[in-house]
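Everything below concerns the one structure shown next.
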Amino acid sequence: MITKRPRGTADATPTDTPKWQYLESVAREICRCYGYGEIRTPVFEHTELFQRTVGEFTDVVEKEMYTFEDRGGRSLTLRPEGTAAAGRLFLEAHLDAAALPAKLYYLSWPIFRYERPQAGRLRQHHQFGVECFGSADPLVDAEIITMAQDFLSAVGLADLRVGLNSMGCPECRHAYRAALREHYGPRREKLCPDCQRRYEQNPLRLLDCKVETCQELKSGLPPMGDFLCPACQEHLKKVEGYLHELGIRYHRDPSLVRGFDYYTRTVFEISHQALGAQDVVCGGGRYDGLVESLGGDPTPGVGFGLGLERLLLILEEEGVSLPSAPPLDVFVVTIGEEVRSTAFGLVQAYRRNGWRADLDVMDRSMRAQMRFADKYPARYVLILGPDELAGQQVPIRNMVSGTEEKVALKDAVGYLAEQSRVGT
RNA sequence: GUGGCUGUAGCUCAGUCGGUUAGAGCGCCAGGUUGUGGCCCUGGAGGUCGGGGGUUCAAAACCCCUCAGCCACCCCA
């Protein structure tokens, strides 16, 4: 082999793509019902876009971006997430000047992060995501969570775990950050090296460290909930109220923290145990400061990103059956060179009438052609040899029932339509 | 980025203590049936034993490096 695919990437063959197309069609249908419209943006953006929105000191920006300089000296980055690009488009396409909210979705966007690969974690993966710009209404937070839930159940998933938390607004977050520093300050030396860095750069992340000694140091720490300002508490309460009314099961997880700086107030994750350590299939929340940080007027927003490879892994693990390559409607078996142009014409006639039709191009014996048609699989096999050509009558074999009928060659195309009308 | 496990045919896997020409099942191709699929039978193709280096009379096996996959961490979808 001359080439190998780069580490942490995946190919999709004709066996795989029907499954992707299926997920995409379900996603589109959900978005249609919820009133969202599709957007497309370039796979790379100015590096600064992600630095400003995702955050300078986040893991993603610090060490996971595919950043390069183009021939004009610009620093560009393959997008490591979708929301920032959606926000950029929102401003650049002047959607902020149109009627709000702007309800946008993106489908199968390639997302790039330089990470150590394992099952459910790739360097290029694909996300279905939804973003709603312009409304601060907690109803939209609930709508977004419901949408993700609806999509996942529509493709056949149950046993989902929805985690919910609030990260507060900049004011209450500031207060909590101070409280964290106060709590950890005296015991700073006992923290793991990662947490010592977090203490300096991003104290909120101290909360979900899994190192045992750091866990112990958490005792006596007031939960973030205590620091939420009245407005943020009210917001969270309303989101929960809507979820409750809609019958969405979730659990409050006070230690749930998202790794991107743009999140404010509502954050949530949907996970599934079939996935192992990388168990989060969907993550999202509210990002009221994002548009402003891009230079636009203050504009609230909420959204989610959903990993399609991880979803496919869960579905496979759970034994949910997904579409595979479609069968052939008719395979035309040819006997001898002299019938081939007639056979080709016939196959073309089928195709132009919307049938999936094929014929032998491997110079196979009749028997081998029959075996090939069987394995394809083909619903019908039409046999065309010198005798049929002379008599203008062809046998058409139903490969499921094994029955065969003689049909006039000129009626061969109509025959399939007739049979499907009858319901065979 | 850290620690660990695993790489043998297209796929799933055997391969004894380091010993001659590396095997099986499935899949693929052809034939048994010179014009009829599935079942059965026969035959065939297909291998840099992940790659490179080393130890040895001899390496798929032992050692080192490297690449890839997987597991956990970190982080995330």
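To find a chain, count down the sequence lines: A is the first, B the second, and so on, and within it residues start at 1.
Residue contacts shown for A:Gly82 are absent, as no nucleic acid heavy atom lies under 4.0 Å away. Nucleic acid contact for A:Ala373: none, since no nucleic acid atom lies under 4.0 Å from a heavy atom of the residue. No contact: A:Thr58 has no heavy atom under 4.0 Å from any strand. At the heavy-atom level, A:Leu311 lies nowhere under 4.0 Å from the strands shown. Using a 4.0 Å heavy-atom criterion, one finds that A:Glu115 contacts the bases of the nucleic acid, with or without backbone contacts as well. Using a 4.0 Å heavy-atom distance criterion, A:Gly402 is classed as a base contact. Across all strands, A:Phe372 comes closer than 4.0 Å to no nucleic acid atom at all (heavy-atom distances).
Base-pair partner of B:rA72: B:rU2 (Watson-Crick or G-U wobble, both distances under 3.5 Å). Using Watson-Crick or G-U wobble geometry with both donor-acceptor distances under 3.5 Å, B:rU20 finds no partner in any strand shown. B:rA45 is unpaired under the criterion used here, namely a Watson-Crick or G-U wobble arrangement in which both key atom distances are under 3.5 Å. Base pairing annotation: B:rG7 forms a Watson-Crick or G-U wobble pair with B:rC67, both donor-acceptor distances under 3.5 Å. Pairing of B:rU36, defined by two Watson-Crick or G-U wobble distances under 3.5 Å, is not identified with any nucleotide. Nucleotide B:rG27 forms no Watson-Crick or G-U wobble pair with any nucleotide shown, as no partner meets the under 3.5 Å limit on both distances.
The distance between atom CG of A:Leu313 and atom C1' of B:rG69, rounded to the nearest whole Å, is 14 Å. Per the geometry, CG belonging to A:Asp374 stands 15 Å off C1' belonging to B:rG27, to the nearest Å. Rounding to whole angstrom units, CZ of residue A:Arg116 and P of B:rC70 are separated by 12 Å. One interatomic measurement links the two molecules: CE of A:Met366 to P of B:rU34, which rounds to 11 Å at whole-angstrom precision. The nearest whole Å value for the distance from the OH atom in A:Tyr376 to the C1' atom in B:rU36 is 20 Å. Between the CE atom of A:Met362 and the P atom of B:rC28 there is a distance of 13 Å, given to the nearest Å. Regarding A:Leu160, its CG atom lies at a distance of 14 Å from the C1' atom of B:rA77, rounded to whole Å. Computed from coordinates, the A:Gln118 CD to B:rC73 P distance equals 8 Å when rounded to whole Å.
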Test side-chain contact (heavy atoms from CB on, under 4.5 Å) on A:Gln419 and A:Ile396; report intermediate values, then the result. CA-CA 11 Å; A:Gln419 289 302 301; A:Ile396 299 182; over 6 Å; no
Can A:Glu131 and A:Tyr106 be said to form a side-chain contact (heavy atoms from CB on, under 4.5 Å), step by step? CA-CA 9 Å; A:Glu131 318 285 357; A:Tyr106 53 87; 3.5 Å; yes
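In this structure, A:Arg32 pairs ionically with A:Glu29, as a charged nitrogen and a carboxylate oxygen lie closer than 4.0 Å. Between A:Asp329 and A:Arg356, no side-chain nitrogen of the basic residue sits less than 4.0 Å from a carboxylate oxygen of the acidic one, so the salt-bridge criterion is not met.
No hydrogens or angles were tested; on distance alone, a donor-acceptor pair under 3.5 Å links the side chain of A:Glu388 to the base of B:rG35. No hydrogens or angles were tested; on distance alone, a donor-acceptor pair under 3.5 Å links the side chain of A:Glu404 to the base of B:rU36. Between the side chain of A:Arg371 and the base of B:rG32 there is at least one donor-acceptor pair of N/O atoms closer than 3.5 Å. For A:Arg121 against B:rC74, a side-chain-to-base donor-acceptor contact under 3.5 Å is present. Below the 3.5 angstrom threshold, one finds a donor paired with an acceptor across the side chain of A:Arg367 and the base of B:rU33.
For A:Arg258, no side-chain nitrogen or oxygen approaches OP1 or OP2 of B:rC75 to under 4.0 Å. Within the structure, a side-chain polar atom (N or O) of A:Arg7 is placed less than 4.0 Å from OP1 or OP2 of B:rG69.
If you take atom P in B:rA45 and the same atom in B:rA24, they sit 12 Å apart, rounded to whole Å. When the C1' atom is compared between B:rU48 and B:rA60, the two are found 12 Å apart, to the nearest whole Å. Nucleotides B:rU56 and B:rU66 have their P atoms positioned 23 Å apart, rounded to a whole Å. The C1' atoms of B:rA9 and B:rG27 are separated by 11 Å, rounded to the nearest whole Å. B:rC67 and B:rA14 are spaced 27 Å apart, taking the P atom of each and rounding to whole Å. Separating the C1' atom of B:rC13 from that of B:rG7 is a span of 13 Å, rounded to the nearest Å. Separation of the P atoms belonging to B:rU36 and B:rU42 is 22 Å when rounded to the nearest angstrom. For the C1' atoms, the distance from B:rU20 to B:rG38 is 43 Å, rounded to whole Å.
Residue-to-nucleotide proximity on RNA chain B shows that, of A:Lys375 and A:Gln278, the 5′-proximal contact is made by A:Lys375.
When each of B:rC75, B:rA77, B:rG1 is scored by its nearest atom to the side-chain atoms of A:Tyr114, the top-ranked nucleotide is B:rG1. For A:Arg397, the side-chain atoms get nearest to B:rU36 when compared with the rest of B:rU36, B:rG35, B:rC67.
No side-chain N or O of A:Asp11 forms a donor-acceptor pair with one of A:Thr13 less than 3.5 Å apart.
Of the possible donor and acceptor atoms, one in the side chain of A:Arg52 sits under 3.5 Å from a partner among the backbone N and O of A:Ser293. Side-chain atoms of A:Arg340 come within 3.5 Å of backbone N or O of A:Asp360 as a donor-acceptor pair.
In this pair, A:Tyr176 and A:Phe227 present their aromatic rings tilted. The plane angle is within the 30 to 60° band.
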